[in-house]
Amino acid sequence: MKPDISDEAVELWFGPQHVAAHGWATKLTLVGDYIVECDPNAGYFHRSAEKCLEFRNFRQGALIMERLCMPEAFLAEYPYVQAVEKIAEIEVPEKAKFMRTIMMEVSRIHSIQFWWGQLAGELGLFTMVLWPWIDREYTLDAFEELTGSRHAVTYSTPGGVKYDFTDEFLRRLDLAIYHLENHLGKFKDMILKSPTFKARAQNVGLFSTKEALKLGLSGPNIRACDYPMDLRKDAHDPNLKYDQVDWEVPVLVSEEHGSGMCDAYDRMIQRFNEVDVALQIIRGLLPQVPEGPIIDPKVRAKTNRLPAGEAYGRVEGARGISTLWLKTTDKAQTPYRAKIRGPCFNSYYALKHLMPGLRFADFVLVFGSLDPYVGWWDR
Amino acid sequence: MSIWERWLFWRMSILTEVLHVAAATFAREVINKFPDVESKPLNDNGVELITPRTHIRDIVNMIDERFDDAFPELVFGVDLEEGNFEVIYIFWMRSSSLLLQIRIPLQENDLWVDTVSDIFPGFEWHERETHEMFGIDFKGHQDLRLLLLPDELEGQYPLRKSFKTDRSRLEESGLTVPKPKPSPSARPDDKPAKEADSE
């Protein structure tokens with residue numbers, strides 16, 4: 001706190017007991033209603049996943065990875081799987097590549113369904129929590145049919161995927177997409193056309209493309225600035241099938257600020273655009289799934305002991321770029337060092353730069369518009 | 001392979017070469033300026049620079065000036081045991097599709113690097129985490145408080161290999177110490193005992 005404002009300034013802890021603060025706390029310095037300083041605090045949810053990974057073998061590691069971010073579990077486990085496949089030089093069957101890509105996009109949709117209910121709940125719009133989460137149940141039902149679990153899915157594994165698509169799963173996936181599409185327009189109108197909501201969300205939490213790059217913000221947060229940074233297109237991954245479908249990277253030109261800037265409202269519209277593109281990819285890939293094996297039959301022997309090496313796995317998650325850097329020593333059964341990059345590590349940090357100057361009531365809104373998830377920064 | 005596929009393959013190989021040139025050009029530029037920097041190609045159009053710590057601020061400044069889309073991805077430490085450490089920086093440049101990894105070898109008792117968090121604020125917390133987990137000091141960093149760890153673990157550096165997580169630290173955790181296992185001969189369901197019963 002600076003000395004000249006200390007007389008009238010109030011220090012306020014937002015969290016960790018607040019309902020909207022699920023596992024984090026931020027120290028705000030307020031003068032009247034205005035935030036002058038924001039000090040995000042992390043560590044309430046820290047489980048040291050990086051140290052844990054050093055004691056798990058190469059098939060168990062993906063389980064820890066998906067627990068970092070349950071809403072996007074299919075995406076969260078992938079960087080680890082990719083890094084192990086690179087070091088062990090495992091060939092993934094063609095069918096598994098399609099199935100991975102499809103499930104990663106379903107996971108992206110699920111994560112966004114989860115996000116908009118959560119955001120509405122934090123803002124006090126309780127109807128908007130329940131309605132999207134009714135549709136989310138259908139998505140979870142599909143996950144349950146496929147993997148036997150609604151959240152801890154453990155789907156991708158080095159060498160392929162664990163479970164094959166069944167007819168019942170495809171029926172449930174159709175049902176989930178049917179409900180989502182039927183209601184998407186309604187939800188968009190409810191959030192985005194509401195004049196109260198627009199008045200609250202526009203012109204708060206502004207940043208430009210350059211600022212976002214410097215702060216390390218990625219994913220929908222930077223694409224809302226009309227900047228098409230997307231690893232699905234930019235980094236060619238031979239084990240995913242994004243190149244088999246026609247799709248464009250979803251970007252947004254802000255109606256208030258034009259290209260190159262975005263506010264909290266734009267980031268929310270952008271997340272709805274992401275759903276549209278994910279649906280397009282799923283619809284393009286589903287008919288193309290070939291017949292064949294879903295996993296390399298010798299994967300157990302190939303991943304028992306890995307050669308010495310370093311690999312870097314990266315994926316465009318629902319919240320941004322999530323990566324894993326892996327180092328192994330020769331004939332080791334466990335990783336020597338695994339470093340995880342959670343996309344929300346940087347978006348939570350960015351609050352320090354975005355918050356000063358805003359009003360206290362905008363805090364939850366700007367925070368929610370960045371789509372934070374505590375597991376990604378505490379790990 | 002059809003003619004069309006061959007043509008596509010040929011085009012792709014040219015494209016990959018062009019991209020590799022971009023990576024190699026930047027590496028050469030750095031080496032021309034600092035002859036003691038080594039470069040090594042990585043997979044997927046990546047390049048690695050191995051540099052002494054004195055050049056890190058100059059190299060990161062070069063990245064900032066040369067690429068206007070440099071994206072700060074990671075800073076982290078690696079404990080190589082026997083007193084050897086490494087700090088690794090990873091940048092991603094989208095337009096030239098270049099993945100840049102900078103590696104700085106460090107020795108124990110002399111663990112410090114200059115901070116780059118004023119050039120790329122996105123690295124501020126990554127450096128703070130590396131400091132608390134490995135004890136690597138980032139000189140000039142404005143805020144090196146603990147980020148993820150509880151206060152009791154200050155100065156313990158949990159991600160170093162010397163930090164054990166086995167039974168040897170059980171008392172510290174406050175959990176009850178498990179009862180010692182009975183010796184094999186004292187077990188009632190031991191094999192020799194069963195044989196004796198059947199007889």
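Residue numbers start from 1 in every chain, and the chains themselves are labelled A, B, ... in the order their sequence lines are given, proteins ahead of strands.
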(request) Give me the ring orientation class for B/W125 and A/F345: parallel if the planes are under 30° apart, tilted from 30 to 60°, perpendicular past 60°. (result)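 Aromatic pair B/W125/A/F345 classed perpendicular.
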Examine whether an atom of [X] lies under 4.5 Å from a heavy atom of chain B, and if so say whether it belongs to the side chain, the backbone or both; otherwise answer neither.
{"X": "A/L215", "answer": "both"}
{"X": "A/E54", "answer": "side chain"}
{"X": "A/D237", "answer": "neither"}
{"X": "A/F45", "answer": "neither"}
{"X": "A/P40", "answer": "both"}
{"X": "A/I222", "answer": "neither"}
{"X": "A/N346", "answer": "side chain"}

(request) Can you check whether anything in residues 242-250 of chain A gets within less than 4.5 Å of chain B, heavy-atom wise, and list it by number? (result)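 Interface residues of residues 242-250 of chain A: none, nothing closer than 4.5 Å to chain B.
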(message) Evaluate A/K339 against B/T130 for side-chain contact (heavy atoms from CB on, under 4.5 Å), listing each step before the verdict.
(response) CA-CA 11 Å; A/K339 169 70 192 175; B/T130 312; 5.8 Å; no
Side-chain contact test, heavy atoms from C-beta onward, threshold under 4.5 Å: evaluate it for [X] versus [Y] and give yes or no.
{"X": "B/E81", "Y": "A/Y336", "value": "yes"}
{"X": "A/L213", "Y": "B/F120", "value": "no"}
{"X": "A/Y312", "Y": "B/L74", "value": "yes"}

(request) State, to 0.1 Å, how close A/K214 and B/I119 come at their nearest heavy-atom pair, and which atoms those are. (result)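 Closest pair (atom of A/K214, atom of B/I119, distance): NZ-O, 3.1 Å.
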(message) Tell me the closest heavy-atom pair linking B/E73 and A/R341, and the distance in Å.
(response)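 In this case the closest contact between B/E73 and A/R341 is O-NE, 2.7 Å.
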(message) Can you tell me which portion of B/E129 sits under 4.5 Å from chain A's heavy atoms? Options are side chain, backbone, both or neither.
(response)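 For B/E129, the contact with chain A is made by the side chain alone.
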(request) Kindly write out the residues that satisfy ring pair (Phe, Tyr, Trp, His ring centres under 6.0 Å) with A/Y44, not counting sequence neighbours, or none if the list is empty. (result)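 Residues passing ring pair (Phe, Tyr, Trp, His ring centres under 6.0 Å) with A/Y44: none at all.
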(message) I'd like to know if A/D39 pairs up with B/R145 as an ion pair, taking the criterion as any Lys NZ or Arg NE/NH1/NH2 lying under 4.0 Å from an Asp or Glu carboxylate oxygen.
(response)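 Result for this pair is yes, salt bridge flagged.
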(message) With a 4.0 Å cut-off on N to O distance, would you call B/E86 and A/R337 a salt bridge?
(response)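 A salt bridge is absent here (no side-chain N lies under 4.0 Å from a carboxylate O).
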(request) Heavy atoms only, distances under 4.5 angstrom: which of B/Q101, B/H126, B/M133 has the most pairs with chain A? Name it, please. (result)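 Of the candidates given, the most pairs with chain A belong to B/H126.
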